[in-house]
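Numbers here simply count residues along the sequence, with the first being 1.
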Amino acid sequence: MAIAVGSTAPGFTLKDQNGADVSLSDFAGNHAVALVFYPFTFTGICEGELCALRDDLSRYEAAGVQVLAVSCDSKNSQKVWAEQQGYTFPLLSDFWPHGATAQAYGVFNDALGCANRATFLIDREGVVVDAFETDSLGTPREQARYEAALAAL
């Protein structure tokens with residue numbers, strides 16, 4: 001069961017693609033966070049989703065929202081992918097302990113060892129104000145759903 005809207009978002013500290021620690025608490029009081037869990041680096045649907053975020057990043061910045069993308073892949077593979085795709089937002093590695101952050105948010109897929117496609121919009125106070133998940137790993141999130149989430153801030 002995913003973390004419910006109105007709940008306090010579980011804290012975390014994960015390595016980004018450059019090896020720097022990124023914590024949810026880094027943004028408290030200053031930025032809302034779009035926490036975007038994706039299953040696998042270097043896969044088509046994930047690439048399409050993250051490229052759409054990359055191409056529309058100014059909308060999130062204008063709304064005071066920091067985009068953080070999270071997968072269970074290693075920071076090394078995320079670094080290569082970020083460089084290839086021009087992702088300027090952090091790609092966070094939930095590699096070890098494997099999937100701990102995805103588990104805390106209730107979106108870890110035990111059968112495949114990856115995060116499900118799920119997004120949590122967390123306000124500046126650390127409260128989940130919107131959350132959505134697709135019904136399968138093969139189903140991309142619709143960008144219109146992100147627009148609705150931003151409107152919840």
Worksheet item: Does Leu153 share a hydrophobic cluster with Val67, counting links as ILVMFWY side-chain heavy atoms below 4.5 Å and allowing steps through other members?
Response: yes

Fill in: From CG (Asp26) to OG1 (Thr13), nearest 0.5 Å
7.0 Å

Item to complete: First locate atom CD of Gln78, then atom CG of Asp94, and finally report the distance between them rounded to the nearest 0.5 Å.
Response: 9.5 Å

Item to complete: Say whether Leu68 and Val128 are linked into one hydrophobic cluster, either directly or through other cluster members, by side-chain heavy-atom distances under 4.5 angstrom.
Response: yes

Fill in: Tyr146/Phe132 aromatic ring centres below 6.0 Å
yes

Discussion item. For a quick test of reading the model, state the closest non-hydrogen atom pair linking Pro10 to Leu24 and the distance between them.
Written reply: O-CD2, 3.6 Å

Worksheet item: Looking at OH of Tyr38 and CD1 of Ile45, how far apart are the two atoms once the value is rounded to the nearest 0.5 Å?
Response: 14.5 Å

Item to complete: Over 60° means perpendicular and under 30° means parallel, so classify the ring planes of Phe37 and Phe120, tilted if in between.
Response: perpendicular

Discussion item. I want to check something: taking the side chain as every heavy atom from C-beta on, are Cys114 and Leu137 in contact at a cut-off of under 4.5 Å?
Written reply: yes

Discussion item. With a sphere of 6.0 Å drawn around CD of Glu142, does it hold more than 12 non-hydrogen atoms of other residues, nucleotides or ligands?
Written reply: no

Discussion item. If you apply the rule side chain to side chain contact (heavy atoms under 4.5 Å, CB included), what do you find for Trp81 with Gln17, and how did you get there?
Written reply: CA-CA 9 Å; Trp81 199 42; Gln17 68 267 33; over 6 Å; no

Practice prompt. Give a yes or no on whether Val70 and Val22 share a hydrophobic cluster (residues Ile, Leu, Val, Met, Phe, Trp, Tyr; joining criterion: side-chain heavy atoms under 4.5 Å apart).
Written response: yes

Item to complete: Would you mind telling me which of Asp130, Val129, Val65, Leu35 makes a side-chain contact (heavy atoms from CB on, under 4.5 Å) with Ile122?
Response: Leu35

Discussion item. The test is side-chain hydrogen bond (donor to acceptor under 3.5 Å, both in side chains); show your working for Thr119 and Arg141 and say whether it passes.
Written reply: CA-CA 9 Å; Thr119 301; Arg141 287 163 279 206; 2.9 Å; yes

Worksheet item: Between Asp123 and Glu125, is there a donor-acceptor pair closer than 3.5 Å when you use the side chain of the first and the backbone of the second?
Response: yes

Discussion item. Is it the case that the side chain of Asn18 and the backbone of Ala20 share a donor-acceptor pair, with hydrogens and angles ignored and the cut-off at 3.5 Å?
Written reply: no

Fill in: Distance, nearest 0.5 Å, that separates CG of Leu92 from CZ of Phe12
6.0 Å

Discussion item. For Pro140 versus Arg117, what's the shortest heavy-atom pair and its separation?
Written reply: CA-CD, 4.1 Å

Worksheet item: Looking at Glu147 and Arg59, what are the two nearest heavy atoms and their distance?
Response: CG-NH1, 2.6 Å

Worksheet item: Rounded to the nearest 0.5 Å, how far does CD of Glu133 lie from OG1 of Thr139?
Response: 11.0 Å

Fill in: Thr134 side-chain N/O to Ser136 backbone N/O, donor-acceptor pair under 3.5 Å
yes

Discussion item. For the NZ atom of Lys79 and the NZ atom of Lys15, what is their distance to the nearest 0.5 Å?
Written reply: 13.5 Å

Worksheet item: Are the side chains of Gln103 and Pro97 in touch, meaning some heavy atoms are under 4.5 Å apart?
Response: no

Discussion item. Donor-acceptor pair, distance only, cut-off 3.5 Å: does the side chain of His31 make one with the backbone of Arg124?
Written reply: no

Worksheet item: So, the side chain of Asn109 versus the backbone of Gly113: is there a donor-acceptor pair under 3.5 Å, distance only?
Response: no

Worksheet, complete the sentence: Tyr105 and Ala9 have their tightest heavy-atom pair at OH-CB, 3.4 Å

Discussion item. I'd like to know whether Arg54 forms a side chain to side chain contact (heavy atoms under 4.5 Å, CB included) with Phe89, so could you lay out the CA-CA distance, the side-chain angles of the two residues, the decisive distance to 0.1 Å, and finally the verdict.
Written reply: CA-CA 8 Å; Arg54 175 200 66 201; Phe89 49 85; 4.1 Å; yes

Fill in: Non-hydrogen atoms of Tyr60 and Gln143 that approach each other most closely
OH-OE1, 4.1 Å

Worksheet item: Hey, are the side chains of Glu61 and Leu57 touching, using non-hydrogen atoms and a 4.5 Å cut-off?
Response: yes

Worksheet item: Do the side chains of Val33 and Leu121 get nearer than 4.5 Å, heavy atoms only?
Response: no

Worksheet item: Do Ile3 and Val36 sit in the same hydrophobic cluster, where Ile, Leu, Val, Met, Phe, Trp and Tyr count as joined when their side-chain heavy atoms come under 4.5 Å apart?
Response: no

Worksheet item: So do the side chains of Phe95 and Ser71 get within less than 4.5 Å of each other, counting heavy atoms only?
Response: no

Practice prompt. Might you work through the side chain to side chain contact (heavy atoms under 4.5 Å, CB included) test for Asp73 and Leu91, ending with a clear yes or no?
Written response: CA-CA 10 Å; Asp73 297 297; Leu91 300 184; over 6 Å; no

Worksheet, complete the sentence: Here the pair of heavy atoms bringing Ala102 nearest to Ala115 is CB-CB, 4.1 Å

Item to complete: Starting from the C-alpha separation in whole Å, work towards a yes-or-no answer on side chain to side chain contact (heavy atoms under 4.5 Å, CB included) for Leu53 and Tyr87.
Response: CA-CA 9 Å; Leu53 291 170; Tyr87 301 139; over 6 Å; no

